[in-house]
Amino acid sequence: MAQPVVALGSALVTAAGSVWYLPAPADLRAGADRPHSRRTAAAACLTGWTTLAVIAVLLFCGVPWQPTWVTAAAGASVTVALRIRAAAQHHREARDITHLWATLAPSRPQHGRSRRPSRYAVAALLGCGLVATTVIAVVALASASDPGQGWATPTDKASRSEGTSARSSLQLPP
């Protein structure tokens, strides 16, 4: 594939990726307002998208493939390393927060109702609704399968013996 085509594709993907790389500088500038893991993840995001933008520029300028591949490999390596570090930091932060909450409330609060009965009530309501819907669907299908003989149609013996239905027995004035 020609370099200008790959360069154009890289530039378009970089432009489309603005959903991810535009909020990342805000996380970096927030400083201590954001957790370390979030700032490291933002740095990984910016590194990855910047690498793709640099590759697009290199390809537009006509640089041979080998330096372009080296740039891509270096950028991908740094991005992956930062992302792994962010995941490890996030795991550590989550563990610390869990430990802090455990020291604040070592047992479950004893006030209020347990949530268990409400879970059963919701499950029972959903189950009853499902059963009712199924019954209504079966009755509707059964009445539609045999016109004139179904559950929801009139069963007048006189109209059945004459061979006319209740609808055709109505006479409209001239």
Side-chain angles (χ1 to χ4, degrees), residues 9-10 12-52 76-172:
S10 299
L12 289 175
V13 169
T14 302
S18 65
V19 173
W20 291 284
Y21 66 75
L22 285 180
D27 285 341
L28 289 175
R29 290 189 64 189
D33 289 343
R34 301 283 195 277
H36 289 289
S37 63
R38 190 160 174 183
R39 291 184 300 206
T40 307
C45 177
L46 285 175
T47 303
W49 287 108
T50 304
T51 300
L52 187 60
S77 301
V78 172
T79 302
V80 167
L82 285 172
R83 189 62 192 124
I84 289 172
R85 181 177 173 163
Q89 287 174 339
H90 178 71
H91 178 70
R92 194 174 321 120
E93 289 166 356
R95 188 183 64 220
D96 291 344
I97 289 171
T98 304
H99 177 71
L100 291 174
W101 279 104
T103 57
L104 288 176
S107 65
R108 192 171 184 189
Q110 299 300 322
H111 63 282
R113 291 187 330 173
S114 171
R115 295 180 192 255
R116 189 169 295 273
S118 64
R119 289 181 188 168
Y120 291 134
V122 170
L125 286 173
L126 288 175
C128 290
L130 182 61
V131 168
T133 304
T134 305
V135 168
I136 290 171
V138 167
V139 168
L141 288 174
S143 66
S145 65
D146 190 16
Q149 301 295 326
W151 175 79
T153 59
T155 56
D156 185 18
K157 288 184 181 180
S159 65
R160 198 181 292 169
S161 63
E162 295 173 6
T164 59
S165 68
R167 229 186 273 165
S168 64
S169 64
L170 295 174
Q171 304 249 340
L172 296 176

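Along the sequence shown, residues carry numbers from 1. Keep in mind that this is a model prediction, so the values were computed, not measured.
Among residue pairs with one or both ends in residues 123-134, none qualify as salt bridge (charged side-chain N to carboxylate O under 4.0 Å, His left out); sequence neighbours excluded. Within the structure, salt bridge (charged side-chain N to carboxylate O under 4.0 Å, His left out) pairs that include any residue of residues 85-104 do not occur (at least two apart or interchain). For the salt bridge (charged side-chain N to carboxylate O under 4.0 Å, His left out) condition, the pairs that include at least one residue of residues 29-38, sequence neighbours left out, are D27-R34, D27-R38.
Across all non-hydrogen atoms, the minimal contact from T14 to S10 is OG1-O, 2.7 Å. Closest approach of A24 and L46 over heavy atoms only: CB-CG, 3.7 Å. Heavy atoms only, all atoms of each residue included: A41 and A86 are closest at N-CB, 3.6 Å. Between L82 and A44, the closest heavy-atom pair is CB-CB, 3.5 Å.
Applying the side-chain hydrogen bond (donor to acceptor under 3.5 Å, both in side chains) test to T51 and every residue at least two apart in sequence or in another chain returns nothing. For H36, the side-chain hydrogen bond (donor to acceptor under 3.5 Å, both in side chains) test picks out R39, with sequence neighbours left out. Residues forming a salt bridge (Lys or Arg N to Asp or Glu O under 4.0 Å) with R83 (at least two apart in sequence, or on another chain): none.
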